[in-house]
Each structure stands twice: as structure tokens, then as C-alpha cells.
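Numbers here simply count residues along the sequence, with the first being 1. Note that ligands are numbered from 1 as they come in the structure, with each ligand's atoms numbered from 1 the same way. As the structure is a computational prediction, the values presented were derived from the model and not from experiment.
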Amino acid sequence: MELPLNFHLSGRWNVISGKDCVLEQGKVIKYYSDRVLVVTGKSSGKKSGALADFEKLFKENGIIYEIFDEVKENPSFEDCAAAAKKFAAFNADGVLGIGGGSAMDSAKTIAVVLSNPDIKAPDLYARNIPCTPLPVFACGTTVGTGSEVTSYSVLTTTNGSSHSKDGYSNPYIVPTVCFCDPRYIATLPKNVILSTAIDALAHAIEAYFLKKSGIISRMFSEKTLEMMWQPFCKAINEELTYSDRERMLYGSVLGGFAIEFTGTCFPHGLGYQITLNFDIPHGFACGYFLGDFLRMQQTEYPEEVDKLLKIMNVESIDEFERVLYSVLPRFKNDANTLEILTQGGKTCRHLYNSFVSASAEITRDLYAKVLARL
Ligand code: NAP
Ligand code: FE
């Protein structure tokens with residue numbers, strides 16, 4: 001049994017965790033909101049049981065709610081703006097995201113648009129959000145993004161025929177309260193458990209070597225790896241217990257704290273292109289690069305890399321990478337693949353976050369290495 005994840009710092013974060021935590025402690029929402037717009041995907045809220053718990057909670061506490069359950073994976077600004085428009089007349093004073101990163105990130109952006117109906121996508125990235133977004137609440141049902149505690153919302157934008165994924169950050173979209181009940185993870189399909197767990201591992205590992213890392217962020221990274229790696233390996237071949245799911249859910253939230261301090265690096269930036277062009281889920285897409293990311297850091301920071309491998313109890317980067325590639329999906333790899341992935345060179349800026357700077361040539365080389373392994 002893990003210790004509770006409860007953590008409440010100066011009103012910035014309020015993490016409520018444990019079995020039945022929504023029904024037992026959810027009325028804290030009433031302190032902020034009486035009219036809540038619930039934002040979720042087609043199935044996650046219903047299958048996990050989280051939606052039913054919130055409906056019960058809201059009815060018992062006189063909170064009026066409406067449900068938008070059409071969030072798609074890799075949500076776009078346009079979809080969020082359309083949802084905000086559709087529910088404008090409801091006059092919500094809070095937005096609750098139930099689901100994985102797609103639902104929670106959509107809830108954040110819908111909260112922004114409800115307070116700023118004329119806002120356009122570029123304003124988000126230019127940090128031009130004139131009115132404070134509505135309070136956001138979050139209930140995660142995957143074990144990856146940590147969006148429960150971050151100030152990020154990652155959206156897909158379309159420009160003509162090209163798509164890109166990019167996150168914006170705003171301090172007011174950090175969920176005011178988030179709920180982490182491991183019961184909601186029980187219905188997660190195996191491939192979503194594996195992919196989202198790799199996302200959490202990526203957060204911990206990338207955050208560790210970013211310029212903004214420090215004692216606190218590294219503490220979160222180390223604990224994330226300690227909590228995630230073992231149940232991740234177990235999930236490859238075995239059924240998970242409640243306690244495994246508890247470790248993974250809490251570990252993923254701790255990974256969210258790590259990136260909240262530091263941001264992410266090239267496994268994320270380069271992974272976005274793989275998601276968009278080959279329909280590979282976000283966590284898997286980051287996973288292709290994690291071995292090479294550690295190798296790049298090892299030249300300058302061998303002790304730190306060793307420490308992370310020890311925490312995971314893996315012998316070498318090769319061993320770590322072998323385990324990851326045993327679950328990473330293969331995608332179409334022909335003469336055009338490298339060109340498709342490197343078009344525009346946009347993702348290179350993510351490389352510069354790292355201590356080790358890199359160029360467009362290194363970007364190409366990193367993609368080529370991934371393709372050679374498929
Ligand atoms: P997701 O796209 O939210 O969900 C993946 C799939 O899992 C969906 O089909 C969903 O179904 C299903 N699902 C979720 N929970 C379930 C449950 N308990 N039982 C059964 N099915 C369930 O996946 P994600 O990996 O959590 O989120 C990925 C997104 O988050 C990406 O856009 C990524 O860029 C972003 N992200 C954000 C941050 C951040 O800090 N904000 C950090 C990293 C990544 P339904 O769609 O039918 O509901
Ligand atoms: Fe991520």
C-alpha cells in the first residue's frame with residue numbers, strides 16, 4: 001500500500017487521491033463552482049466509473065452540470081472552441097476533465113475559451129489570454145500525462161495539409177483540484193497502460209536533464225521512475241493488481257510535477273511527428289527516443305544516467321531500450337518515412353532545451369536511428 005499522494009501547496013495544487021476519493025472528498029469543488037461543464041471522451045469516463053461518481057457527487061451537492069463527451073485523441077483548438085461555443089449558454093463556472101491527457105487538456109482549453117470567447121489559437125501560444133480561465137478540475141483515467149497537475153495543454157493545429165502538435169502553458173489552467181482514484185485505471189486496455197506508462201517514464205527522464213531541473217524536479221523524476229518501472233514491466237506479460245495501478249497512477253502524477261518544473265525535451269518534440277504522421281499513441285511515440293536521449297546525456301552526465309538506471313534496476317541503456325522496444329509498435333517505414341518526419345525541421349527547438357544542444361542534422365540522425373531499429 002502506497003502512502004497517500006495528497007499534496008496541497010499554497011493553493012497551487014490540490015491533489016486528492018485514493019479509492020473512492022471523488023465521492024468522499026469531491027464536494028471541495030462546490031467551494032469554487034456551482035455549474036460545472038464535464039469534458040470527457042466517448043468511453044473513458046463511462047467505462048472507468050468516474051463519470052457516474054461525479055454525477056452522484058454533483059447531485060448530492062446541488063452542483064448543476066452538463067456533459068460534453070466527444071473529446072477525441074490529440075484534440076485540436078478548433079474542437080475545444082466548438083465545444084465552448086456549444087455550451088456557452090450553460091454559463092459554466094468551472095470545467096472538469098475526466099479521462100486521459102486528451103480530455104484533461106481539452107478541459108483546460110475549453111475553460112480558457114469560455115472566459116475568452118473570441119480567443120484564437122495563436123493567442124494561447126503568445127501568452128495572450130486576457131481574462132482568467134474558469135477553474136479547471138481534473139480526474140485522470142490513464143497513467144501517463146500528469147496533466148492533472150500541469151499548466152500545459154497540448155493541442156494539434158492544422159495549417160493547410162500539415163499538422164503539428166504543441167503545448168501552451170498558462171498558470172491558471174493548472175487544475176484547482178485533481179482526483180486520482182486507482183479504481184478508474186482498471187478498465188484501461190493493456191496497450192494504453194503501456195503507452196501512457198512510457199509517457200510518464202519519458203517525463204521523468206527528460207525532466208532530469210533539462211536546464212530547468214533541480215533538486216525538487218529530480219526528486220519527482222526519481223520517484224516517478226521508482227514507482228513506474230516495475231509495474232510497467234509487469235504489465236507487459238501479467239495482470240496488474242490494484243496496488244500496481246495505484247503505483248502507476250501516482251507515479252504518473254509525480255512525473256507531471258517533474259515536467260511542470262522543467263518542460264519536456266526531444267523525445268516529446270520528435271515523438272509528436274510520429275503520432276501525427278503514423279497514428280502512434282503519444283507515450284509510445286516518445287519511447288522510441290528514450291534510449292538515445294540517455295546515451296546523449298551519458299557522455300556528459302554518466303553518474304546521473306547510472307543513478308536512473310539503478311533506480312529502475314536495469315543494467316544498461318541497451319537493456320532499458322530492449323524492454324521498451326519489446327512493446328513499441330512498428331510503423332510504416334519506407335523510402336519516404338524519414339522525409340515525412342523531418343519536414344520543416346520544426347521540432348528541433350526541443351533539442352535545445354537539453355544541456356546537450358543539437359542541430360537539424362542530429363534531429364535527422366535521431367529519426368534515422370529509430371527507423372533502423374523498427
Ligand atoms: P488519451 O488520448 O487521453 O486516451 C487514450 C485512449 O484511452 C482513449 O481512447 C480513451 O478513450 C481511452 N481511455 C482512457 N482512460 C480509459 C479508461 N480508464 N478505461 C478505458 N479506456 C480509457 O491518452 P493519454 O495518453 O492520457 O493523453 C495523450 C494526450 O495528452 C496527448 O495529446 C499528449 O500530447 C497529451 N499530454 C499532455 C501533457 C500535459 O501536461 N498536459 C503531458 C503529456 C502528454 P475515450 O477517448 O473513448 O474516452
Ligand atoms: Fe507526455
Between [X] and ligand 1, does any nitrogen or oxygen pair lie at a separation below 3.5 Å?
{"X": "D199", "result": "no"}
{"X": "H268", "result": "no"}
{"X": "S43", "result": "yes"}
{"X": "G101", "result": "yes"}

Q. Taking the six-membered ring of Y65 as reference, does the NZ or CZ atom of R35 fall below 6.0 Å from its centre and within a 45° cone about the axis?
A.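 The answer is no, since R35 fails at least one limit relative to Y65.
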(Q) Taking atom CD as the centre, does Q230 end up with more than 12 heavy-atom neighbours from other residues, nucleotides or ligands that are less than 6.0 angstrom away? (A)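 For Q230, atom CD is not crowded (no more than 12 foreign heavy atoms under 6.0 Å).
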Q.
Is it the case that over 12 heavy atoms from other parts of the model lie below 6.0 angstrom from the NZ atom of K72?
A.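 No, because the 6.0 Å sphere around NZ of K72 holds 12 heavy atoms or fewer from other groups.
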Q | Closest D199 atom to the Fe ion (ligand 2) [N, O or S only] | A |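 Looking only at N, O and S atoms of D199, the one nearest the Fe ion (ligand 2) is named OD1.
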Q) Looking at H282, which of its N, O or S atoms is the nearest one to the Fe ion (ligand 2)? A)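 It is NE2 of H282.
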Q.
Please work out, at 4.0 Å between heavy atoms, whether the side chain, the backbone, both, or neither of H203 comes within that distance of ligand 1.
A.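 The answer is the side chain.
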Q. At the 4.0 Å heavy-atom cut-off, does S195 count as touching ligand 1?
A.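 No.
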(Q) S76 vs L155, test: side-chain contact (heavy atoms from CB on, under 4.5 Å). Steps then yes/no. (A) CA-CA 5 Å; S76 67; L155 301 173; 6.0 Å; no
Q) Got a sec: is C286 within less than 2.8 Å of the Fe ion (ligand 2) via an N/O/S atom? A)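 So C286 does not count as coordinating the Fe ion (ligand 2).
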**Q.** Closest candidate by heavy atom, reference atom 22 (C) of ligand 1, pool L188, D105, T142
**A.**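 Among L188, D105, T142, the closest heavy atom to atom 22 (C) of ligand 1 belongs to L188.
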Q) When you measure from atom 5 (C) of ligand 1 to each heavy atom in E73, K165, R183, which option holds the nearest one? A)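 Ranked by closest heavy atom to atom 5 (C) of ligand 1, first place is E73.
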Q.
Would you call the rings of F257 and W13 parallel, tilted or perpendicular, taking 30° and 60° as the class edges?
A.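 The arrangement is perpendicular - the two ring planes meet at more than 60°.
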